[in-house]
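What follows is one structure encoded as structure tokens, with my remarks underneath.
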Amino acid sequence: MVRYHFSCDNLIWEKTAEIFAQSDGCIYICSQIAAYMELRRDVFQAIADPTRRAIIALVALQAMTPTAIAENFDSSRQTISKHIQILTACELLSQEQQGREIYYHLNPQKLKEIADFVEPFRNMWDERFNQLESIMKKHKSNQ
Amino acid sequence: MKQKTKVNAEEGKQEIVITREFDLPLALLFKAYVEPDLLEQWMGTKVLKLENKKHGGWQFETTDPQGNKHRFNGVIHEFVPNQTIIRTFEMEQTPFPVQLEFLEFEKLTDDTSKLSMHIIYRSVTHRDQMLQLPFAQGINMAHNRLQDIVNREMVSKLK
């Protein structure tokens, strides 16, 4: 049976409950691991789509309304709204009500779960400093 | 390979410390920060203005792969050769607020030196957002690169 779901959490609870019903301790732990893997897979599937990655990159810069997000794409407003829904279900985006508008922003906590998000930042500086070192070594030998 | 650059970002704080040891004498490391043509080379940026003195200003401009130009600017609060630069840093045309940077240059041996950059952000959230930027842009690039490799393999298999 193929079931389409927007919610990561529901899936985990359904799976856990299913196995818990017939469980002993070991099976329960196994199911927790399976559920965790399932969640991770969901998040990775969420970011496997190029449009959804583009949305993540956009809202990383600033919180945006769905309309403002959709303006960056050629796809229909409906399609973009579905992508936003999936990202929200996986908690990569969170909503914030500001007056009559809903703003979406990136959820740093979730990013921490799927990866060490400081690593690309560190890498960026490491590459920059490597460049500095090699340029200054050349500069020194030219003098 | 040993990772030379360290980033210390404690949970819930609005600051980070970046440290790096260089196989360069202190004077040469400091020179990389003050001479515009050298700075342009390692930062991959254009130096529009760089006044290395107290109350001086600086402005850089980078061009991204799409050809968009991004400008950065700030004010220099303290400038002690081979020792300290205190400056502000701001990305123009973005909602990110200005940040305060303390750069300390230190001699380790005659041929090695150390830089420590202490950056203070307006809030914890702003700090986390800045830390996330390369990650958010990186997952895009990593996936595109992966897609390129997959595409190339598909094409070569079809041949």
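A quick note: this is a predicted structure, and the numbers were derived from the prediction, not measured. Convention: sequence-line order gives letters A, B, ...; per-chain numbering from 1.
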(message) Can you tell me which portion of M130(B) sits under 4.5 Å from chain A's heavy atoms? Options are side chain, backbone, both or neither.
(response) backbone
(request) Answer with yes or no whether the hydrophobic clustering places L92(A) together with F73(A); edges join I, L, V, M, F, W, Y residues whose side-chain heavy atoms lie under 4.5 Å apart. (result) yes
(request) Find the one option among H105(A), K140(A), M124(A) whose heavy-atom pairs under 4.5 Å with chain B are most numerous. (result) K140(A)
(request) Identify the heavy atoms of R122(A) and T5(B) that sit nearest to each other, and give their distance. (result) NH1-O, 2.8 Å
(request) Starting at CD1 of I16(B), measure out to CZ of F121(A) and round the result to the nearest 0.5 Å. (result) 3.5 Å
(message) Using only non-hydrogen atoms and a strict under-4.5 angstrom cutoff, which residues of residues 75-98 of chain B touch chain A?
(response) P95(B), F96(B)
(message) Rounded at 0.5 Å granularity, tell me how far CG in D23(B) sits from OG in S134(A).
(response) 11.5 Å
(request) Tell me whether I80(A) is reachable from Y103(A) by hopping between hydrophobic residues (I, L, V, M, F, W, Y) whose side-chain heavy atoms are closer than 4.5 Å. (result) no
(message) Quick check on M136(A) against chain B: is it the side chain, the backbone, both or neither that has a heavy atom closer than 4.5 Å?
(response) both
(message) Between L26(B) and F102(B), is there shared hydrophobic-cluster membership here, with clusters defined by ILVMFWY side-chain heavy atoms closer than 4.5 Å?
(response) no
(request) Would you indicate whether Q78(A), at its atom CD, is surrounded by more than 12 heavy atoms from other residues, nucleotides or ligands within a distance under 6.0 Å? (result) no
(request) Decide if atom CG of N68(B) counts as having more than 12 heavy atoms of other residues, nucleotides or ligands within a radius under 6.0 Å. (result) yes
(request) Tell me, for L132(A) versus chain B, whether the close heavy atoms (under 4.5 Å) come from the side chain, the backbone, both or neither. (result) both
(message) Counting only non-hydrogen atoms closer than 4.5 Å, can you tell me which residues of residues 28-58 of chain B sit against chain A?
(response) L28(B), L29(B), K31(B), A32(B), Y33(B), L38(B), Q41(B), W42(B), M43(B)
(message) Same cluster or not: L58(A) versus I56(A), using hydrophobic residues (I, L, V, M, F, W, Y) connected whenever any side-chain heavy atoms lie under 4.5 Å apart?
(response) yes
(request) Take atom NZ of K137(A) as the centre, draw a 6.0 Å sphere, and report whether it contains more than 12 heavy atoms from other residues, nucleotides or ligands. (result) yes
(message) Hydrophobic clustering (ILVMFWY, side-chain heavy atoms < 4.5 Å, transitive) - are L115(B) and I119(B) grouped together?
(response) yes
(request) For residues D126(A) and R20(B), determine if any side-chain heavy atom of one lies less than 4.5 Å from a side-chain heavy atom of the other. (result) yes
